[in-house]
Amino acid sequence: MNSWDAGLAGLLVGTIGVSLLSNGLVLLCLLHSADIRRQAPALFTLNLTCGNLLCTVVNMPLTLAGVVAQRQPAGDRLCLLAAFLDTFLAANSMLSMAALSIDRWVAVVFPLSYRAKMRLRDAAFMVAYTWLHALTFPATALALSWLGFHQLYASCTLCSRRPEERLRFAVFTSAFHALSFLLSFIVLCFTYLKVLKVARFHCKRIDVITMQTLVLLVDIHPSVRERCLEEQKRRRQRATKKISTFIGTFLVCFAPYVITRLVELFSTAPIGSHWGVLSKCLAYSKAASDPFVYSLLRHQYRRSCKDLLNRIFNRRSIRSRSVGLTGDSHSQNILPVSE
């Protein structure tokens, strides 16, 4: 195994570790906090988190074994199952992110009617559609025997070894990426740009009120005035940074892999195996970044994490105190005997 393969293997190991810890923490927060579970986005987050954990446990280790062994890492049945999951989980992840963006759009653009438009029943219907949509393609590929080990990506995924089916497979793969990656990307851009427009409008209103207040308060200290102006600037940049993070991580993680698959199908130019595995690793890295982008950096999840940590440390401190008290009572009971 050369240095490139070793580096890719190390990247996969790191992605697996971060994904397990972060998605596991999100799952614990969902189980711990009843306030989070009562909200409609919790279903989208749960769907995304469970899919990420399944991909981390099944697909990533098999790809790691494929990179190390340079061949199919498991039997045909296990590889077939992993390829089915790979196709399903990729589409499910993209569509879940689109569902989360729709939820944010409804919450920001229609705040007064959000509870009526985005109930738990509506969220469950969207998750059910996401599953049905995502299951259609791997089920079709399974029926057409288009699932197996792909050497270029060192993973079990969509592939066709029969040259006479090259055109049909290319059309199928293009339709899969168009209705998963491209559709989700369009939804993300539409919804988050609408959210950004509303956020900028509110920022302008707040800025006007702030400037009028600063003009009226002639005796205000210069440091307070500068602090208000800095807060204005941060407020304008906050929404742009968040939306850029949502769309940017989606593109950085999924676009290289999707483009590589399309170039492989419609071009005769050879593609390096290291780039193929790297593009697959970038797609896997979305499972590690999703918990931070969509969950752990939000106030409710941070508060739930703090509650969990406080419970753990309080239990440990209670146990240590109880052990100390039993030790003291035991020594007190022994002392009279020794005397």
Side-chain angles (χ1 to χ4, degrees), residues 19 23-24 26-31 33-59 80-110 113-144 147 157-158 172-173 175-192 194-195 246 250 253-254 258 283 286-287 290-291 293-295 298 300-301:
S19 180
N23 285 286
V26 171
L27 201 58
L28 285 175
C29 290
L30 285 169
L31 293 173
S33 176
D35 292 336
I36 296 176
R37 290 197 305 272
R38 277 195 291 266
Q39 299 173 359
L43 282 178
F44 306 137
T45 305
L46 180 63
N47 184 40
L48 184 62
T49 302
C50 291
N52 289 337
L53 284 172
L54 192 58
C55 178
T56 305
V57 172
V58 177
N59 293 94
L80 197 66
L81 174 63
F84 187 94
L85 284 176
D86 181 78
T87 310
F88 165 71
L89 292 176
N92 182 57
S93 175
M94 296 177 192
L95 293 171
S96 295
M97 284 178 266
L100 282 167
S101 71
I102 292 173
D103 174 78
R104 287 295 88 204
W105 171 59
V106 175
V108 173
V109 180
F110 309 102
S113 58
Y114 171 74
R115 292 188 178 274
K117 291 183 177 181
M118 193 59 70
R119 295 164 295 183
L120 285 173
R121 185 180 63 186
D122 302 320
F125 176 78
M126 292 176 68
V127 171
Y129 170 77
T130 297
W131 273 62
L132 182 63
H133 186 132
L135 279 171
T136 302
F137 291 97
T140 305
L142 180 64
L144 296 172
L147 297 174
T157 183
L158 286 173
F172 172 81
T173 307
F176 169 66
H177 291 303
L179 294 174
S180 56
F181 172 78
L182 185 60
L183 176 64
S184 300
F185 178 66
I186 291 172
V187 172
L188 285 171
C189 290
F190 173 81
T191 53
Y192 282 131
K194 291 288 186 181
V195 170
F246 293 145
F250 182 87
C253 293
F254 286 124
V258 173
K286 196 71 177 71
D290 282 342
V293 174
Y294 292 101
S295 303
R298 292 176 58 191
Q300 284 183 316
Y301 285 87

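Just so you know, these numbers come straight off a predicted model, no measurement behind them.
For the residue pair Phe44 and Ala123, the shortest heavy atom distance occurs at CE2-O, 3.6 Å. Contact record, Leu120 with Ala40: CD2-CA, 3.8 Å, taken as the closest heavy-atom pair. Of all heavy-atom pairs between Arg104 and Val195, the closest is O-CG2, 3.9 Å. Between Ser180 and Ser184, the closest heavy-atom pair is O-OG, 2.6 Å. Here the closest heavy-atom approach between residue Met118 and residue Asp103 is recorded as CG-OD1, 3.3 Å.
Surrounding CZ of Phe185 are at most 12 heavy atoms belonging to other residues, nucleotides or ligands under 6.0 Å away.
Contacts of Arg121 classified as side chain to side chain donor-acceptor pair (under 3.5 Å), with partners at least two apart in sequence or in another chain: none. For Arg119, the side chain to side chain donor-acceptor pair (under 3.5 Å) criterion is met by Asp122, not counting sequence neighbours. Every residue two or more places apart in sequence or in another chain that forms a side chain to side chain donor-acceptor pair (under 3.5 Å) with Thr191 is listed here: Ser101.
Looking at Asn52, its side chain never comes within 3.5 Å of a backbone N or O of Ser19 through a donor-acceptor pair. Ser93 places no side-chain N or O within donor-acceptor distance of the main-chain N or O of Leu89, the cut-off being under 3.5 Å.
Tested against Leu100, the residues Phe246, Trp105, Tyr294 include a single side-chain contact (heavy atoms from CB on, under 4.5 Å) partner, Tyr294. No option in Trp131, Phe137, Phe176 other than Trp131 meets the ring-ring contact (aromatic ring centres under 6.0 Å, His included) test with Phe88.
Put simply, OG1 on Thr87 and CG on Leu135 are 11.0 Å apart, with the number rounded to the nearest 0.5 Å. To the nearest 0.5 angstrom, Leu158 atom CG is 11.0 Å from Phe84 atom CZ. If you take CG on Leu95 and CD1 on Ile102, they are separated by 9.5 Å, rounding to the nearest 0.5 Å. Distance CG/Leu188 to CG/Leu183: 9.5 Å, rounded to 0.5 Å. Taken to the nearest 0.5 Å, the CG atom of Asn92 stands 4.5 Å off from the CG atom of Asn47.
Residues Leu27 and Leu46 have side chains in contact (heavy-atom distance under 4.5 Å, counting atoms from C-beta outward). With a 4.5 Å cut-off on side-chain heavy atoms, Leu43 and Met126 do not count as touching. Residues Tyr114 and Val108 fail the side-chain proximity criterion, which asks for heavy atoms closer than 4.5 Å.
Proximity of the aromatic rings of Phe254 and Phe250 is defined here by a centroid distance below 6.0 angstrom, and this criterion is met. Between Tyr129 and His133, the distance from one ring center to the other falls under 6.0 angstrom.
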Worked check of side chain to side chain contact (heavy atoms under 4.5 Å, CB included) between Tyr301 and Leu30: CA-CA 8 Å; Tyr301 285 87; Leu30 285 169; 3.5 Å; yes
